[in-house]
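Report on the structure given below.
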There are 2 protein chains.
Amino acid sequence: METAENRMSSTDIYQTVRNGLITGRFEAGSKLKPEILRKNYDCAASTMREVLFRLSCDGFVSFEEQRGFKVPVSTQNTLEEITSLRTLIEQEGARLSIENGDIDWEARFAAAHHKLAHIESRATAVNDVSPFIDVWSQAEWEFHDTLLSVCGSKMLRQLHRTFYDRFRQHQLLRDPDSMGFRPETLDEHEAILKSAINRDTELCCKLIKEHLHNNLMAYFNQLV
Amino acid sequence: METAENRMSSTDIYQTVRNGLITGRFEAGSKLKPEILRKNYDCAASTMREVLFRLSCDGFVSFEEQRGFKVPVSTQNTLEEITSLRTLIEQEGARLSIENGDIDWEARFAAAHHKLAHIESRATAVNDVSPFIDVWSQAEWEFHDTLLSVCGSKMLRQLHRTFYDRFRQHQLLRDPDSMGFRPETLDEHEAILKSAINRDTELCCKLIKEHLHNNLMAYFNQLV
DNA sequence: ATCAAGAAAAAATTCGATTTATTTTTTAAT
DNA sequence: ATTAAAAAATAAATCGAATTTTTTCTTGAT
């Protein structure tokens, strides 16, 4: 008998689709029809619907009653709101981490930065950065998450993750070729690392704000 | 032919269950089985499951794969995290509203406070406050939401609403008879109103922090 | 040609049943 | 009496089809 391929659980499908959404695999504004998508994930339409509902709660897809699911359309205002909230949350998380963090945290944060800086300098030196996107994204995420890792609030970290990913999603919605990084991020990340390790809370918050503001501006400037 | 009662849409059911959760109609830690609940809402188990997934995203119910849904158990730490995040968000919203708000906002905020104060003073004067819970809850929500109403960020307001409701849910999970209000809230609300209208951002943020901290403390003190 | 009404198609929603996994109960051996 | 394995019962997860609603297409009157 031919073996049936191992099926994914709905949670696996959820993860896969979520990942697809934040890596720009779906076109902005396009419909997400359970009946169509199910074929890609080998499941029933109602299972697909369940997954899409879960994604809609966190804002990765939009839902309108009797009208189904869509990839959200990115507007300037949406991205500004996402950036503001991410800034608010990341500043607070950094504040708490700087307060609580011990030498072990410093070491982990320095290590995360080291990895990230390595990738960023290699990516800056080259013409086509596309092969770096995936590793860079992962390293950047780990850098920012390590900063918050000893803030003491799981909830805050989770919320930060949602807004971090939503920002990335909206960058890609507008510009599917967006790398997400500018050469300047290298210096910005280093400054954040140093301020945190020096326990300079106010400077760190200021640098985070500038870093995220610059990300936002870079995005707007790409809009020809 | 006998007419079939008008059925609720899944979104209606979602709202109803959400409301039930934040008004203490489900016992902490109890299982939420789609097959059982469906009978109360006249729908299929899979529809119920869909609803529960939606609620789990915002933290109103907990979900574990292959083990179903539960009413969350309230721990001290959870409530502290919820309070901290609500404080962070409400302070930021107040800051922005104070910056943007015009005379119309002031008037609406004063009106919301007037209603709330009226209810609070009547409730304070009486022995059994239970008949006031529903109107008070609504008025308190409107007061806090009006404060944020011109912050310019729909997302922030939505997030605030989630944490506002989660706080209330956890109060009731621990103490099903919790009124949610203390006599002191009357003064605290008034002070917040005045500081906002005086455009004293820093004072307003401080008062919000104290107000929410006091809510939290009142909750802990009830734990015998 | 334009528009509205009605018909057809497509998509969203809901359903009841099947399959799969977990939990509880029973049985049997030590 | 305890424990371990097996069986039964319960609950979770998934499915494919039926139903309802929305959207698109067709037709015919102005």
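Everything numeric here is computed off the predicted structure, so don't read it as measured data. Proteins get letters first, then strands, A, B, ... in listed order; numbering begins at 1 in each.
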query = Charged N to carboxylate O below 4.0 Å: is that the case for B:K154 and A:E81?
reply =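 A salt bridge is absent here (no side-chain N lies under 4.0 Å from a carboxylate O).
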
ask   = Do NZ/NE/NH1/NH2 and the carboxylate oxygens of B:R18 and B:D165 come within less than 4.0 Å?
value =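 So B:R18 pairs with B:D165 through a salt bridge.
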
query = Contacts to DNA chain D from residues 51-59 of chain A, heavy-atom cutoff under 4.0 Å, which residues?
reply = none

Protein-nucleotide distance ([X], atom [atom1]; [N], atom [atom2]), rounded to Å:
X: A:E64; N: D:dT22; atom1: CD; atom2: C1'; answer: 12 Å
X: A:E65; N: D:dT23; atom1: CD; atom2: P; answer: 13 Å
X: A:Y41; N: D:dC15; atom1: OH; atom2: P; answer: 15 Å
X: A:Y14; N: D:dT14; atom1: OH; atom2: P; answer: 15 Å
X: A:E50; N: D:dA12; atom1: CD; atom2: P; answer: 13 Å
X: A:D12; N: D:dA13; atom1: CG; atom2: C1'; answer: 13 Å
X: B:R7; N: D:dT20; atom1: CZ; atom2: P; answer: 9 Å

inquiry  = With side-chain contact (heavy atoms from CB on, under 4.5 Å) as the test, pick out the partner of A:C43 among A:V51, A:D12, A:I13.
reply    = A:I13

ask   = Do the side-chain N and O atoms of B:Q171 and B:R168 include a donor-acceptor pair separated by under 3.5 angstrom?
value = yes

message = Counting only side-chain heavy atoms from C-beta out, which of D:dC15, D:dG16, D:dA12 sits nearest to A:R38?
response =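 Looking only at heavy atoms from C-beta outward on A:R38, the closest nucleotide is D:dG16.
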
remark   = DNA chain D nearest-nucleotide lookup for A:T47 and B:I36: closer to the 5′ end is B:I36

Which part of the nucleic acid, if any, lies within contact of [X], taking any heavy atom under 4.0 Å across all strands shown: a base, the sugar-phosphate backbone alone, or nothing?
X: B:S46; result: base
X: A:Q66; result: sugar-phosphate
X: B:F69; result: nothing
X: B:R67; result: sugar-phosphate

inquiry  = What range of DNA chain C does chain B touch, first nucleotide to last, counting atoms under 4.0 Å from its heavy atoms?
reply    =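 Boundary nucleotides touching chain B, in 5' to 3' order, are C:dT14 to C:dT23.
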
inquiry  = Are B:F132 and B:F181 an aromatic pair, judged by ring center distance below 6.0 Å?
reply    = no

ask   = Does the ring center of B:H144 lie less than 6.0 Å from the ring center of B:H113?
value =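 B:H144 vs B:H113: aromatic centres not under 6.0 Å.
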
inquiry  = Check the phosphate of D:dA12 against B:K31, side-chain N and O only, distance under 4.0 Å to OP1 or OP2. Yes or no?
reply    =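 True: B:K31 side-chain N/O within range (under 4.0 Å) of D:dA12 OP1/OP2.
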
request  = Using the test ring pair (Phe, Tyr, Trp, His ring centres under 6.0 Å), find all partners of B:F69 that sit at least two apart in sequence or belong to another chain.
outcome  =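 Result, ring pair (Phe, Tyr, Trp, His ring centres under 6.0 Å) vs B:F69: B:F53, B:F63.
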
query = For the side chain of B:T75 and the backbone of B:T78, is there at least one donor-acceptor N/O pair under 3.5 Å apart?
reply =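 The answer is yes, because a donor-acceptor pair under 3.5 Å joins these two groups.
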
key: Considering all heavy atoms, the nearest A:F143-A:A112 contact   =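 The pair with the smallest heavy-atom distance is CA-CB, 4.0 Å.
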
